[in-house]
Amino acid sequence: MSKPSSKSKEFFIDIDDETQNVNQQSGYVWEEEYKRSWDVLQEDEDGSLKRSIDHLQNRLKRKRLLRDTSTIRRGIIRNMFLIIDLSEAMMEKDLRPSRLDLTLSYAEQFILEFFDQNPISQLGIIVSKGGVAERLTGLSGNPMDNIIALKNKKNIDVDGEPSLQNSLELARSSLIHTPTHGSREILLIMGSLTSCDPGDIYESIEDLVKDNVRVSIVGLSAEVQICKYICKRTKGTYGVVLNEAHFKDLLFEIIPPPPVSVAQSNSKLVMMGFPSSVNQSSPYLCACHNKPVTSGYTCARCNSNICDIPTECPICELTLVSSPHLARSYHHLFPVENYTEVPWNSATTTHCFACQISFPSLSERTLPKNLETSSGRYNCQKCNQHFCIDCDVFVHEAIHNCPGCLATSQNNLKSLMGQVNGNFENYENYEKMNLS
Amino acid sequence: MSSIKDSVTVNEDDANLLVLIIDTNQMNWTKVANKQAMGNCLTLQQILRQLLAFINAHLALKHDNEVAVIASHIGVSKFLYPIPTTRQKTRRSHGDSDQSSNSNMYQRFRVIDDQVTSNMKALFENEALKSCPDKVSSMMAGALSLALCYINRITKSDEIGHIKSRILIISVSPDSPYQYISIMNCIFSAQKLGIPIDVCKISESDNSVFLQQASHITGGRYLRLSIDQSRGFLHFLMKTFLPDRFVRRHLCLPGDEKVDFGAACFCHKKTINIGYVCSVCLSIYCQQLEECSTCRSKVTNGVKRSKTNESL
Amino acid sequence: MPTRIVSHFKTNIYDYLEALPKTTLEKLYEEPATCLAIFRLLPSIARQLVMSLLFDKEGISKNDLIKWIKNDKESLDKFDEAFDKLTKLQMIEQNEKLTLNESFRYSFQDCLTGCGSRQSFGIPLEKHKSKPLDISLLDQYAIEKWENILHFMVGTEKSNVPSASVLEVVTKANLMRDIGGGKYEITNKGFQFLLQDVNTQVWAILIQYLDIAGVMLNMNVVEVLNFFFMLGSLELGQDYSVEGLTPTQRQLLDDLENYGLAYRRKKGSTRYYPTRLATTLTSGNAATVSSNVNIDNTDAGEDSATEQGFIIIETNYKLYAYTKSQLQISVLNLFSELQFRFSNMVTATITRDSVRNALKKGITAQQIISYLTAHSHPQMKKRPSLLPSTVKDQIQLWEMERNRLVVQECYLYKDFKTWSDYEMILKHATKLGVVVWSNESKKMFGVTEAGHEHVRAFIKKKMAQRKSNGTGGNDNFMGNGVNRSTPIGYGDSSNSGTPAR
């Protein structure tokens, strides 16, 4: 289970609307002032570009972080279909090495990360080519099944044109059998500008809306009107990629659980089993793959032998999980609040609270041409501690805990859960967890 | 989900960063001292001395080994070493001890030992902390988060992948239930980064469930020492927790038992095999309820998916 | 991830220490600094074993110890290797149970806990007397002195002739040869020496010094070694007093100044400053790597251009070296052709001729490759394999070209009249095991020098037999050539196969 290494992130200097003080008119894009990407870089006194590049890199890092962190209800149990377009348009080489290769490698990373963040969810893969849609794998909770299917060369031939309606219908027909407490989602990676459909796609879209399916689309070539319409109707997201890094960002934006509207969020008590592990000296057959194993789990309800959890028992269809799996999803429910940037007048601290790295001092305040750099300090509203940008990114993307709040006694213990407000009142129940 | 056991390649030549988290809750240490047989007096001071010898042993293994020490205290957790330079310099000029001890000890050991002891003294003398409401447990989650941020910084600044880190926790306090979610978050991020968390728990009978899960999931070692066994504290440390990630592969170390995590229901606290999980807040119950007591959302009985009789 | 090359200097010191008698080692173990330094030389499992036995008075039986190791081949091999090393260094003693050597145990415990009174980590001067020196000055001094010696070996005009004691060590180590008239010439071993990393070079010189010191200068080897290891544990930039040093060690200090390991403001001053060469004696390549990881916010030390990697190699055999040091450029000149020189960089190409020149001087391909790997720019380290495999393989191929032919002298037997004669003599010679080569169609075979006499005697005997039997009657049954045996080069393409006579 590998996390995509941040070292391999490509660095593209984007023109932010922040750098250029342009009044956004509500006109057409070509009417705005021309953006010169080379103006963004400026030299300092010694002629080196280092400081302005550092400045830009820091800004990029933070851009990814600023997402919504209010505590709202989210669909933790997810059922998702990944639809991949295998038309001839995917053989274009505008994304290196080719659209198809890049899609497949990102899809693999997506699957791993998806199951890492949402362990009790299920994912299936559908491909669309030659005017028909074909299901590669059904909804399953095991990432390896999906990855093996993607790696199988026979499955990924390109041919003809994709069919939006067929693939959406196929996904919908599988998704309507899932229980209502889980969210139903479709992620569609579309490289072609055309679609070959047998009937009226608007009818299919209405069916999707009726069945509460959310469709998100990532387009690889250009914005297509029908895709935009689908996403708008089903309350999904539509994005068209600019470059390889942007493609990955768009894909990974789908990974955190989506917010769920209050009407849908009456909770269901889902029956789940917590199996105990079994170790035997002589091998026995597992029920899921019919392969001999010596260690595994026994289903809590029907006592059949399972290799690995989380999964659904193949005999009695009970969802089997262990408590750490549930714990993995807690950070979606209680996200850490975003840190705010500290202006130079309040920049009194010298070192980051979490990693002890030293902050830039007042003498490094400005770049030449009098552009202000950031003070490098980021403040947590609750504990008022300053952190450096690496810790900021790390806290929000990896640990999901604020070290300042946890490590200082200014907050009394009840307000440790001050990350939670409103919706979750009886937090003491969490204290009774797992203390056997 | 199986734990990652060193999926990162570890070489013999790598430097090792050991982050030591010490539970410095004085109340619990005094309890431990009181429970001992007459004549043995394992106080916090003695433990500290043995820990310093252990730290020196770790640094002696390789020239470029590094160490960081974090104290998990009542109400606060802080770095004891390394502390950034400005504060360091003032500490050094105070009462730098006489020449003879300077030349009898390797300079590096000396600097680190001095800093740790003086910072810990300052921590104990800090009056403001004595007014904290909860004196039973210590701020383990905060210490773990600080440790992970520090390791993240060191790993990022080391470009050739030459430093490998691990965490060792010396704990004597019981688990604080409020910290469950935070500790689990830290455990999962440690697992992703491939950092093993070793735990040495000094307690007569209780096992710390959170810390057991921590070492199991991250591939570290969990060792519980009874009060009597803790007389040989340094010995246990040297044998079990000193080997670095490379050497561990070749040794059979204690603390490798499989831990079974049963779930406990919220309403009765009993261990259950089959339970009902609220789809909104993921709390576990042993029977069907009208309303989830944690998130106060009404339970609707929608279409039941499986047609079998679900009563047990 | 490429492993760093750390072990060369370790094996040098290691072999030296193993050869010492037990009493010397016991004396060495009385100093905690020495114990620490020797401890760090051990392989990692050995270090772990020492640590676990350190506070154990009673010891442990070997079987119990083996149970601690995992039961797969690799682990058990490592354990055997570690145990072997420990016994050779007399660290582990086998009575009924295995224990650590007593004096080592106590000294090492002192080292870890700071007790003890041997003052073996150097006596730093007190605050009010101390005058700390700028680290860059020390570095400059060290580089100047050390490179002077190396420049002298390479033969650049810049060099001054080093002092007599240095020359003596260098000649005794067979790095340079005295060709009379006060002039010296570098040997093959000297070339190899130039390509090694600084730590290995320093230790090679020091070990040679030890050899001389023990025999000729009547210095106490134990004290000399103790001083070396103590130097390895000192801090850069701090001044130390000469009070605790024995007379031997004070003399040693004077000599070490010549190598750039210690600095004194004037001769006979009571304080000395160790340089970077000294403080990194026992730390492997830590001087080059730790500058990347800036853990405490103090500057871990500036890296001199000679320590950090500066070579970039492309797959088209072009080499770019970001250095201004004359020495490094001369070393590069040994095996590559320099092309352009810029203010901060030198470009060169690795060609067949340049590598062959180096090979002729006695440098091996492996040394060239290790030199390039050790000095490669950090940029290169980001590639999956450090050196381009084309370059690496090609250098090895060029070396193997020189080994394509093996020359062996032998005596050639030819012009046999009958097949049976040929076969009989060949069988006899093969039984003696002296046949080097044979060719059935041409009825020839070659015999080693040693075997030549035996075969000739056998032939004469056979001839005498036939004469006395009266068969055939032909005296020269072997035709012409029976006594014509000439040494020829076997298989050498420059000589043909016909006998010269």
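Everything quoted here is computed from the prediction, not taken from an experiment. Letters A, B, ... mirror the listed sequences (proteins, then strands); counts begin at 1. Computed from heavy atoms alone, side chains included, the values below leave out hydrogens, waters and symmetry copies.
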Applying a strict 4.5 Å limit to non-hydrogen atoms, the region of A/I399 in contact with chain B is both

Could you tell me whether the side chain of B/C286 reaches within less than 4.5 Å of the side chain of B/Y276, counting heavy atoms only? no

Does the side chain of B/S283 come within less than 4.5 Å of B/V277's, by heavy atoms? no

Hits for side-chain hydrogen bond (donor to acceptor under 3.5 Å, both in side chains) against A/T294, two or more places apart or cross-chain, chain-then-number order -> none

Quick test of your reading of the model: are A/E113 and B/K192 salt-bridged, counting only N-O distances below 4.0 Å? yes

Check your understanding: Does B/D23 reach the main-chain N or O of B/S173 with its side chain, forming a donor-acceptor pair under 3.5 Å?
Key -> yes

With chain A, the option among B/L148, B/I70, B/N152 that has the most non-hydrogen atom pairs under 4.5 Å is B/N152

Interface check, chain B: of A/C391, A/C355, A/P403, most non-hydrogen pairs under 4.5 Å belong to A/C355

Whatever's closer than 4.5 Å to a heavy atom in chain B on A/L318 counts as side chain

So, the part of A/V321 with a heavy atom under 4.5 Å from chain B: the answer is neither

key: B/Y180 and B/F210 aromatic ring geometry - parallel, tilted or perpendicular at 30°/60° bounds   = tilted

Cut-off 4.5 Å, heavy atoms of chain B, and the answer for A/F387 is neither

So, the part of B/A143 with a heavy atom under 4.5 Å from chain A: the answer is neither

